[in-house]
Amino acid sequence: MRHWLMKSEPDAYSLEQLRLDGVTGWEGVRNYTARNLMRDQMSVGDRVLFYHSSTAIPGVAGLARVTRTGLADPSQFQPKSPYFDPKATPDNPRWIMVEIGFVEAFKRFVPLSELRTEAALEGLMVLQRGARLSVQPAAPEHFAHICRLGQSQHHTLQEAT
DNA sequence: GCCAACGTTGGC
DNA sequence: GCCAACGTTGGC
């Protein structure tokens, strides 16, 4: 099982919305590195830190998990979508996504500013300068540490991995 | 294949 | 709103 951090602008799609929806297709990623991670590296059951970006207080809001993989992002076929890709066809989709499911909202939202103060998180990709990738791998120990900061109810489960 | 120009991301 | 970092585009 791998661990990830996935960014979303809460104005566009928040963890709260995922809680309401239960699951959602991770549409709209148009970066090849992020696509390749979703397509080639993600497996059902992988754990996801749900990160809120481009907001007043960016940070990790809670947890999700990968529930399906290898799905064609439907927005690439929709001419009216901002994510429309005229070169993509249903027979030969260019943008492959995963579906993720809600796990929990952290008891404590963990702001980026706090992540930056944690020596244990040295090397976490989201803390690197210019780390714009919207789907990032996270080391298991970094993942577990952030779960502790957030007072995750899945704490013991994380430590067991 | 190089690289300058441009667009986007995202923290601040 | 600013701006640094990065990815993509397109001329050559």
Side-chain angles (χ1 to χ4, degrees), chain A residues 2-19 21 24-42 46-66 69-100 102-139 141-143 145-152:
Chain A
R2 290 187 170 99
H3 298 78
W4 307 94
L5 180 147
M6 295 171 80
K7 297 180 184 174
S8 186
E9 300 186 15
D11 289 347
Y13 196 88
S14 66
L15 181 62
E16 171 62 12
Q17 189 62 50
L18 180 61
R19 186 182 70 76
D21 293 345
T24 195
W26 207 245
E27 293 186 23
V29 172
R30 293 295 179 270
N31 170 285
Y32 286 103
T33 303
R35 179 204 66 179
N36 293 347
L37 288 172
M38 286 198 288
R39 186 190 61 190
D40 303 333
Q41 303 293 326
M42 282 192 172
D46 284 2
R47 300 215 155 251
V48 176
L49 296 163
F50 197 105
Y51 179 91
H52 284 173
S53 66
S54 289
T55 188
I57 305 179
V60 180
L63 299 182
R65 65 193 164 88
V66 177
T69 61
L71 306 168
D73 181 337
S75 64
Q76 68 193 305
F77 309 127
Q78 296 162 358
K80 289 180 180 170
S81 167
Y83 303 118
F84 178 63
D85 185 338
K87 293 178 182 165
T89 65
D91 283 345
N92 190 19
R94 175 176 301 196
W95 302 105
I96 302 299
M97 67 176 193
V98 299
E99 178 192 80
I100 65 171
F102 179 80
V103 173
E104 68 167 336
F106 280 165
K107 201 166 166 185
R108 274 188 73 244
F109 180 85
V110 185
L112 176 62
S113 58
E114 181 177 344
L115 299 179
R116 292 194 187 286
T117 68
E118 293 289 317
L121 296 178
E122 183 161 354
L124 182 69
M125 189 181 286
V126 78
L127 302 181
Q128 310 305 310
R129 275 180 80 81
R132 302 185 311 174
L133 199 60
S134 64
V135 176
Q136 306 182 353
E141 54 271 27
H142 290 163
F143 191 99
H145 189 78
I146 294 169
C147 287
R148 280 191 286 275
L149 295 175
Q151 296 176 19
S152 166

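Worth saying up front: this structure is predicted, and the values here are computed from it rather than measured.
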| said: Rounded at 0.5 Å granularity, tell me how far CE in Met42(A) sits from CH2 in Trp4(A). | reply: 5.0 Å

| said: Walk along nucleotides 1-7 of chain B from 5' to 3' and tag each nucleotide B, S or - by protein heavy-atom contact under 4.0 Å, base first, then sugar-phosphate. | reply: ------B

| task | Check Thr24(A), Leu71(A), Thr69(A) against Glu99(A) for a side chain to side chain contact (heavy atoms under 4.5 Å, CB included) and give me the one that passes. | result | Leu71(A)

| note | Glu16(A) meets the salt bridge (Lys or Arg N to Asp or Glu O under 4.0 Å) criterion, sequence neighbours left out, with Arg19(A)

| note | Rounded to the nearest 0.5 angstrom, the CD1-CZ distance for Ile146(A) and Phe106(A) is 7.5 Å

| remark: Between CD of Gln136(A) and P of dT9(B) the distance, given in whole Å, is 14 Å

| task | Measure from OH on Tyr32(A) to C1' on dT8(C) and round the result to the nearest Å. | result | 9 Å

| Do any of residues 69-79 of chain A sit with a heavy atom less than 4.0 Å from DNA chain C, and if so which? | none

| query | OP1 or OP2 of dG10(B) less than 4.0 angstrom from a side-chain nitrogen or oxygen of Lys7(A), does that happen here? | reply | yes

| For Leu133(A), the option from Val29(A), Leu37(A), Leu5(A) that meets side chain to side chain contact (heavy atoms under 4.5 Å, CB included) | Leu37(A)

| Salt-bridged, Asp73(A) to Arg30(A), with N to O below 4.0 Å? | yes

| remark: Taken to the nearest whole Å, CG/Asp11(A) to P/dG10(B) is 13 Å

| task | Please round to the nearest 0.5 Å and tell me the distance separating atom CZ of Arg94(A) and atom CG of Asp85(A). | result | 4.5 Å

| So what does Arg30(A) touch, heavy atoms closer than 4.0 Å: a base, only the sugar-phosphate, or nothing? | nothing

| Can Arg148(A) and Glu118(A) be counted as an ion pair, charged N to O under 4.0 angstrom? | no

| field | side-chain hydrogen bond (donor to acceptor under 3.5 Å, both in side chains) between Tyr32(A) and Arg39(A), intermediate numbers included | value | CA-CA 10 Å; Tyr32(A) 286 103; Arg39(A) 186 190 61 190; over 6 Å; no

| remark: Rounded to whole Å, CD of Glu114(A) lies from C1' of dC12(B) at a distance of 18 Å

| query | Gln128(A) has an atom CD; how far is it from atom C1' of dG11(B), in whole Å? | reply | 15 Å

| How long is the line joining OH of Tyr83(A) and C1' of dT8(B), in whole Å? | 12 Å

